[in-house]
A.B. asks: 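This is the structure I have questions about; it appears just below.
Just so it is clear: chains get the letters A, B, ... in the order the sequence lines come, proteins before strands, and each one is counted from 1. Basis for what follows: all heavy atoms, side chains included, without hydrogens, waters or symmetry-related copies.
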Amino acid sequence: MSGNRLKGELKALEGDNAVAEAMRQINPDVVAAYPITPQTEIVMTFSEFVANGLVDTEFLAVESEHAALSACIGAALAGARALTATCGPGLALMWEMLWIASSWRLPIIMNVVNRAFSSPLNILCSHDDAMGSRDAGWIQLYAESQQEAYDNTLQAVRIAEHPDILLPVMCCLDGFVLGHTLEPVEVLPDEVVKEWAGTYNPCYSLLDIDHPVTYGAADFTDYYFEHKRPQWEAMERAPKVILDIGEEFGKVTGRYYHLVDSYRLDDADVAVVVLGATSGAVRVAVDRLRKNGIKAGMLKLRCFRPFPAQQVVQALQGKKAVAILERVAFFGAEASPVFLEVATAFYLRGVSTKLINYTYGLGGRDTVPGQICGVFQDLIDITQTGKTEPIFRYLGLRDF
Amino acid sequence: MSDRLRGKMPEKGWKELPIRGLIIEPGNSVNYETGSWRALRPIINLEKCPHCMFCWLFCPDGSIIVKNSQVTGVDLRYCKGCGICAVECPRQVITMVEEAEVAKETNVW
Amino acid sequence: MVVEAKTRINLREISNKEDKLAPGHRLCLGCAEGIVVRQVLHAIDYPVVVCSPTGCLEICTGLFPYTAWRVPWVHSAFENAASTIAGVEAAYRALKRRGKIEDRVIKFVVFAGDGATYDIGLQWLSGALERGHTFLYICLNNEAYMNTGIQRSSATLKWTWTTTTPVGKVIPGKKESRKDMTAIIAAHNIPYVAQAAPHAWRDLMTKVRKAIAVDGPSFINILCPCVRGWRYNSKDTIAISKLAADTCVWPLYEVDHGIWRLNYKPSPQRPLTDWFLSQGRFSHLVAPDNANLVIELQQCIDQEWAKLEKLCQCFAD
């Protein structure tokens, strides 16, 4: 992702602060948020911007996450650009409102600093929160680095507000791993972001007193189905818009963004699919294995909703074996969500690559390149034995 | 859902509906005539009406017709026949009559 | 600062204005909510944006493809009307400041049931009041979840029959006392809090005018007799409303910038048995076996009234 020339200023920022910095530069009309570890830094930092007059946003320090999203929804209905942020349990508390925001096609931006669900209580990273809400009608982007967290937030505004889309966007970054660690982040000049973000041109505002509209009328058997249908339409249009905006962002910053990113994948025999910060560990593992002559590669999902099935299949077809790494504790299905998506995409396109699924890093447990090398070793074994059982595996668990 | 409950609005396909499940025509419930619910019809003796506006004020359905600060009748398209107006009229000039009884005398409002 | 209503309410004048709630809504015949909403909106001389949480009013006034609202209106969910309107109000302030919308006065009003106010939405309401958004929150209090079929709420009087506090062989209705929501709201120290009822229309509309004039949140808890849930004849809605005030079951009072003021003192106070006789939901209380419950409830009501009188004496003009 490194650009050929620096367009902004390099700052040492934690992921949360990088997000807050993007929010400062966007200077939204309304921000409503509730502090929750590990998202707290975003709210604290933004509060300081408000207190110091660096933004003139209406900032609502609300009494719960449900209220945060509810207030953002109210603000967006009134024609405001509204942002919030949360994580894990906070996202769970918002659950009902996630669906209302997307059904109303409100371009709300929400950073989710991924955190595990209780019980037992854990404040560290799992993707349970975002993955659990994957079907709520929000676009979902996952960041590998603090820089990507910053960049995704800036791009999300344009994606969400694109007239063909009008969907809320969830920008995910791994709790603590990205949220609370310092990395150099290239921060664009304020005026560049201002121009990039532009002005939101809302339609059907509640504040348009002369043209009163009714939002949220009840539907029964006669209209509910028809009212849901356009959400599929918007989701279908999203990949092109995300790609266009990623390209445009590249022209501004030198950092081009896509739906998926490949690392040494073209000639790879075995590959790992991953999203979020663990991509970094996978890169290191791939490099190590390559030095030993093993053709390993990585596919990083930047965008999970809409699921870029075409791009995933294109990138992975012809591989001998693929492992999908997921940071979720979901129960009852044969495998975890990304695996099911990849398997479906493969099946529908007649691709029969061997697939296995790992759940890893739950509750913030470290996943190191050595472990990823082990995953690649498993894949190599599969290419030799042809045996994939068990499909669903645990990585980094004391399995005794 | 029955045609009666659907009212007069034509059924539209999803491409023809406004975004967000919006209703962009304010107060279009006037096309949904709740007068069909009525079992009792209020008859106002306008000659004796003091135009105090209590019937208008206490009508849950905004069905008392007022012109130039004068009560001129009941909008039977919406009046559900609750009878509050008759009870609250200080001069008791409103009487509730069985719909079946007045059905023969057509459209007096 | 105590806010006085701008002008005396002139019904003949107001009656020439178009209703902001159009007819064709599907509230039950005789429903007090239709009356109260009309009175409230006729008392407000500004453009308004209205929010309703889930409830009778919401479902009966916005049922696609029909809306009874001639003003901008939104229903989001059951518990979050206060946060929703807070978001709208925040957007209004932000967009006005940034010159993105015309600089004109717009007022924000919530019409919520007692379930949405006393129970599921209490946290959201409390938060919005504490943050000080300028909006008027009206509780349409019909003392139970009427929209879902007469289930008890924390606004339901003790020993009342509802479908979740049925009168059984062992338990004669709701075992718990009602919550004093108006006092809870007053404890937020917001500029204006009141209780009202639709029979006292001038009192109600004056209160609305006071409430809408303040800078900051205001709250009016309005009794809304419910034909179906309370079990009485639809024509008696206003009479029942008056009886509530005359029995002291529903005192009419206001807390105006910290000053407690009783707006109506029945003379004489009618016995609670009159209240019980007027509605089917209390029919079990009229039975001789339950005489002790009636005595208990009368004591309760008398105590609440005495407390209110005391507050009005302590914190008088």
A.B. asks: Heavy-atom count around Lys48(B) NZ within 6.0 Å, excluding the residue itself: above 12?
C.D. replies: no

A.B. asks: Restricting to pairs with a member in residues 227-240 of chain C, which pass salt bridge (charged side-chain N to carboxylate O under 4.0 Å, His left out), not counting sequence neighbours?
C.D. replies: none

A.B. asks: If you count heavy-atom pairs under 4.5 Å between each of Leu29(C), Val37(C), Thr61(C) and chain B, which one has the most?
C.D. replies: Leu29(C)

A.B. asks: Please test Thr237(C) against Glu88(B) for side chain to side chain contact (heavy atoms under 4.5 Å, CB included), starting from the C-alpha separation and ending with a verdict.
C.D. replies: CA-CA 10 Å; Thr237(C) 294; Glu88(B) 297 306 321; over 6 Å; no

A.B. asks: At what distance, to the nearest 0.5 angstrom, does OG of Ser29(B) lie from CG of Leu63(C)?
C.D. replies: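 Result: 10.5 Å between the selected atoms.
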
A.B. asks: Is atom CZ of Arg202(C) surrounded by more than 12 heavy atoms (other residues, nucleotides or ligands) closer than 6.0 Å?
C.D. replies: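 Buried by this count: over 12 neighbours within 6.0 Å.
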
A.B. asks: So if I take each residue of residues 49-61 of chain B and look for any heavy atom under 4.5 Å from a heavy atom in chain C, which residues do I end up with?
C.D. replies: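 The list, in residue order, reads Pro50(B), His51(B), Cys52(B), Met53(B), Phe54(B), Trp56(B), Leu57(B), Phe58(B), Cys59(B), Pro60(B), Asp61(B).
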
A.B. asks: Got a sec, which pairs hit side chain to side chain donor-acceptor pair (under 3.5 Å) with one end in residues 13-24 of chain B, sequence neighbours left out?
C.D. replies: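 Those involving residues 13-24 of chain B are Tyr215(A)-Arg20(B).
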
A.B. asks: Quick one: side chain to side chain donor-acceptor pair (under 3.5 Å) pairs with a partner in residues 33-42 of chain C, sequence neighbours left out?
C.D. replies: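 Listed by first then second residue: Asp19(C)-Arg38(C), Asp19(C)-His42(C), Glu33(C)-Asn142(C).
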
A.B. asks: Rounded to the nearest 0.5 Å, what's the gap from OG on Ser69(B) to CG on Asn10(C)? Could you check?
C.D. replies: 7.5 Å

A.B. asks: I'd like to verify something: which residue of Leu22(B), Val66(B), Leu40(B) has the highest number of heavy-atom pairs under 4.5 Å with chain C?
C.D. replies: Val66(B)

A.B. asks: Using non-hydrogen atoms only, which part of Ile64(B) is less than 4.5 Å away from chain C: side chain, backbone, both, or neither?
C.D. replies: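 Neither part, no heavy atoms under 4.5 Å.
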
A.B. asks: Look at Ser15(C), Gly62(C), Gly30(C) and state which one has the largest set of heavy-atom pairs under 4.5 Å with chain B.
C.D. replies: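 It is Ser15(C).
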
A.B. asks: Between chain B and each of Gly34(C), Gly24(C), Ala239(C), count heavy-atom pairs under 4.5 Å; write down the option with the most.
C.D. replies: Gly24(C)

A.B. asks: With rounding to the nearest 0.5 Å, note down the distance linking CD1 in Ile24(B) to OG1 in Thr67(C).
C.D. replies: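 The OG1 atom of Thr67(C) is 12.0 Å from CD1 of Ile24(B), to the nearest 0.5 Å.
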
A.B. asks: Would you compute the distance between atom CZ of Phe64(C) and atom CD1 of Ile23(B) and round it to the nearest 0.5 angstrom?
C.D. replies: 5.5 Å

A.B. asks: Atom OG of Ser241(C) and atom CD1 of Ile84(B): how far apart are they, to the nearest 0.5 Å?
C.D. replies: 10.0 Å

A.B. asks: If we ignore hydrogens and angles and just use 3.5 Å, is the side chain of Asn28(B) paired with the main-chain N or O of Pro65(C) as donor and acceptor?
C.D. replies: yes

A.B. asks: Hey, could you give me the CZ/CH2 distance between Arg26(C) and Trp37(B), rounded to the nearest 0.5 Å?
C.D. replies: 7.5 Å

A.B. asks: Would you say Gln70(B) has more than 12 foreign heavy atoms packed within less than 6.0 Å of its CD?
C.D. replies: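 Atom CD in Gln70(B) is packed in, count exceeds 12.
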
A.B. asks: Which one, Cys82(B), Cys85(B), Pro26(B), Ser63(B), leads in non-hydrogen pairs under 4.5 Å with chain C?
C.D. replies: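 Highest number of pairs under 4.5 Å: Cys82(B).
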
